[in-house]
Amino acid sequence: LGWLDRFVDDEPRERLRGFVRDLVRPALARLGWDASPDEPDLTRALRGQLVQSLAILGADPETLAQCRELELEGEGDPQLLQAAVEAVAAEGTRDDLDRYWERYRGATTPQEEERYLFATSRFPGDAEVERILAASMTDDIRTQDAPYLLARSTTNRRQGPKVWRFIAEHWDAMQDRFASSNIIGLVSGIRYLTDPEAVRDVQAFFEDHDIPQNHLMLKQGLERMRVAAALRERVTPELLERFGA
């Protein structure tokens with residue numbers, strides 16, 4: 001569903017969101033929002049995934065409102081809290097990002113720190129993503145975390161191409177700033193760049209910028225990008241036929 005959401009816009013996307021709501025709501029209703037003490041971990045994980053899907057892919061107002069309440073409280077079942085943090089970020093504002101940075105810096109556990117740091121990659125606004133990109137090249141973010149935050153930001157539905165351009169423009173500086181073993185992490189998000197122009201740009205870039213220490217992984221990353229681009233080309237007409245006017 002996440003992939004399909006990337007391939008349509010405007011009215012077809014709104015109809016796809018309605019399909020997601022109809023699909024996910026009954027499943028979440030069966031589980032409910034409250035975890036029982038003896039509940040299996042997989043059930044808790046499923047609940048979090050359903051909530052996140054309904055809030056982000058289904059753009060369900062009621063679920064989004066509940067997610068915002070949970071995120072502001074900042075406590076509860078870890079799987080559900082993770083879903084809430086991701087959902088709020090996906091529609092987040094400047095004030096939300098301010099709060100996320102405060103919680104990242106004031107985190108009392110590694111889990112809380114990672115939860116808020118990596119969720120910043122979902123923010124949709126230009127100003128917010130530019131703030132994240134700038135911070136990735138400063139001591140505001142640890143050098144072992146920054147490559148993976150940038151990679152995850154590349155998966156941002158709206159801002160992914162901008163993030164990739166930032167990576168390409170700062171590639172040489174990143175070689176000096178980040179550990180060589182983490183450079184390949186910058187590539188892990190390129191598979192979500194499925195626009196034909198973006199695919200050509202990425203492939204052309206890596207023809208001149210190899211990652212010798214992880215050459216095979218780079219080739220695999222480029223192959224995954226081409227596979228996803230082929231998926232987009234194949235299924236978009238079907239989606240438009242199914243969810244078009």
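Under the 4.5 Å side-chain criterion, counting only non-hydrogen atoms from C-beta, Gln82 is not in contact with Pro78. Proximity of Phe123 to Arg131: side-chain heavy atoms (C-beta onward) are nowhere separated by under 4.5 Å. In this structure, the side chains of Arg191 and Val227 stay at 4.5 Å or more apart for every pair of heavy atoms. Contact of the Glu128 side chain with the Asp96 side chain is not registered, since no non-hydrogen atoms from C-beta on lie closer than 4.5 Å. Side-chain contact check for Thr120 versus Tyr104: every heavy-atom pair is 4.5 Å or farther apart. Contact of the Leu222 side chain with the Lys219 side chain is not registered, since no non-hydrogen atoms from C-beta on lie closer than 4.5 Å. Residues Ile184 and Leu218 are in side-chain contact: their nearest non-hydrogen atoms beyond the backbone lie under 4.5 Å apart. Residues Gln66 and Val51 form no side-chain contact, since every pair of their non-hydrogen atoms from C-beta on lies 4.5 Å or further apart.
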Using side chain to side chain donor-acceptor pair (under 3.5 Å), reason through Gln203 and Glu207 one step at a time and then give a plain yes or no. CA-CA 6 Å; Gln203 291 189 137; Glu207 287 176 4; over 6 Å; no
Chi angles and distances behind the salt bridge (Lys or Arg N to Asp or Glu O under 4.0 Å) call for Glu62, Arg25: CA-CA 11 Å; Glu62 181 180 343; Arg25 273 175 181 160; over 6 Å; no
I'd like to know whether Asp139 forms a salt bridge (Lys or Arg N to Asp or Glu O under 4.0 Å) with Arg177, so could you lay out the CA-CA distance, the side-chain angles of the two residues, the decisive distance to 0.1 Å, and finally the verdict. CA-CA 10 Å; Asp139 292 338; Arg177 182 169 180 79; 3.2 Å; yes
Between Ser153 and Asn156, is a side chain to side chain donor-acceptor pair (under 3.5 Å) present by the stated rule, with each step listed? CA-CA 5 Å; Ser153 298; Asn156 187 304; over 6 Å; no
Derivation and outcome, side chain to side chain donor-acceptor pair (under 3.5 Å), residues Tyr148 and Asn182: CA-CA 8 Å; Tyr148 300 98; Asn182 289 339; 3.1 Å; yes
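Residues Ile167 and Val202 share a single hydrophobic cluster, defined by chaining ILVMFWY side chains whose heavy atoms lie under 4.5 Å apart. Met137 and Trp164 end up in the same hydrophobic cluster when Ile, Leu, Val, Met, Phe, Trp and Tyr side chains are linked at under 4.5 Å. Hydrophobic clustering (ILVMFWY, side-chain heavy atoms < 4.5 Å, transitive): Leu28 and Val88 are in distinct clusters. Cluster membership check: Leu150 shares its hydrophobic cluster with Met217, using side-chain heavy-atom separations under 4.5 Å among Ile, Leu, Val, Met, Phe, Trp and Tyr. Phe166 and Ile141 are members of different hydrophobic clusters when ILVMFWY side chains are connected at heavy-atom separations under 4.5 Å.
Under the 6.0 Å cut-off for aromatic ring centres, Trp171 and Phe206 qualify, their centroids lying closer than that. You'll find the ring centres of Tyr116 and Trp101 outside the 6.0 Å limit.
Looking at every heavy atom in both residues, Ala84 comes nearest to Leu70 through CB-CB, 3.8 Å. Shortest non-hydrogen contact noted between Ala87 and Ala55 is CB-CB, 3.7 Å. Contact detail for Ala83 and Gly48: the closest heavy-atom pair is CB-O, 3.2 Å. Nearest heavy atom pair, residue Arg115 against residue Val85, reads CD-CG2, 3.7 Å.
At most 12 non-hydrogen atoms from other residues, nucleotides or ligands lie less than 6.0 angstrom from CD of Glu233. In this structure, Arg157 places its CZ atom where more than 12 heavy-atom neighbours from other residues, nucleotides or ligands lie under 6.0 Å away. Atom CD of Glu73 is surrounded by more than 12 heavy atoms from other residues, nucleotides or ligands within 6.0 Å. Taking a 6.0 Å sphere around CG of Asp41, one finds it holds 12 or fewer heavy atoms contributed by other residues, nucleotides or ligands. Environment of CG in Asp9: crowded, with over 12 heavy atoms of neighbouring residues, nucleotides or ligands closer than 6.0 Å. The neighbour count for Glu223 CD, taken as heavy atoms of other residues, nucleotides or ligands under 6.0 Å away, does not exceed 12. Within 6.0 Å of the CD atom in Gln175, the count of heavy atoms belonging to other residues, nucleotides or ligands exceeds 12.
Remark: Gln159 CD to Thr154 OG1 distance equals 11.5 Å, nearest 0.5 Å.
Between the side chain of Arg13 and the backbone N or O of Phe243, no donor-acceptor pair lies under 3.5 Å. Distance alone, capped at 3.5 Å, places no donor-acceptor pair between the Ser53 side chain and the Leu50 backbone.
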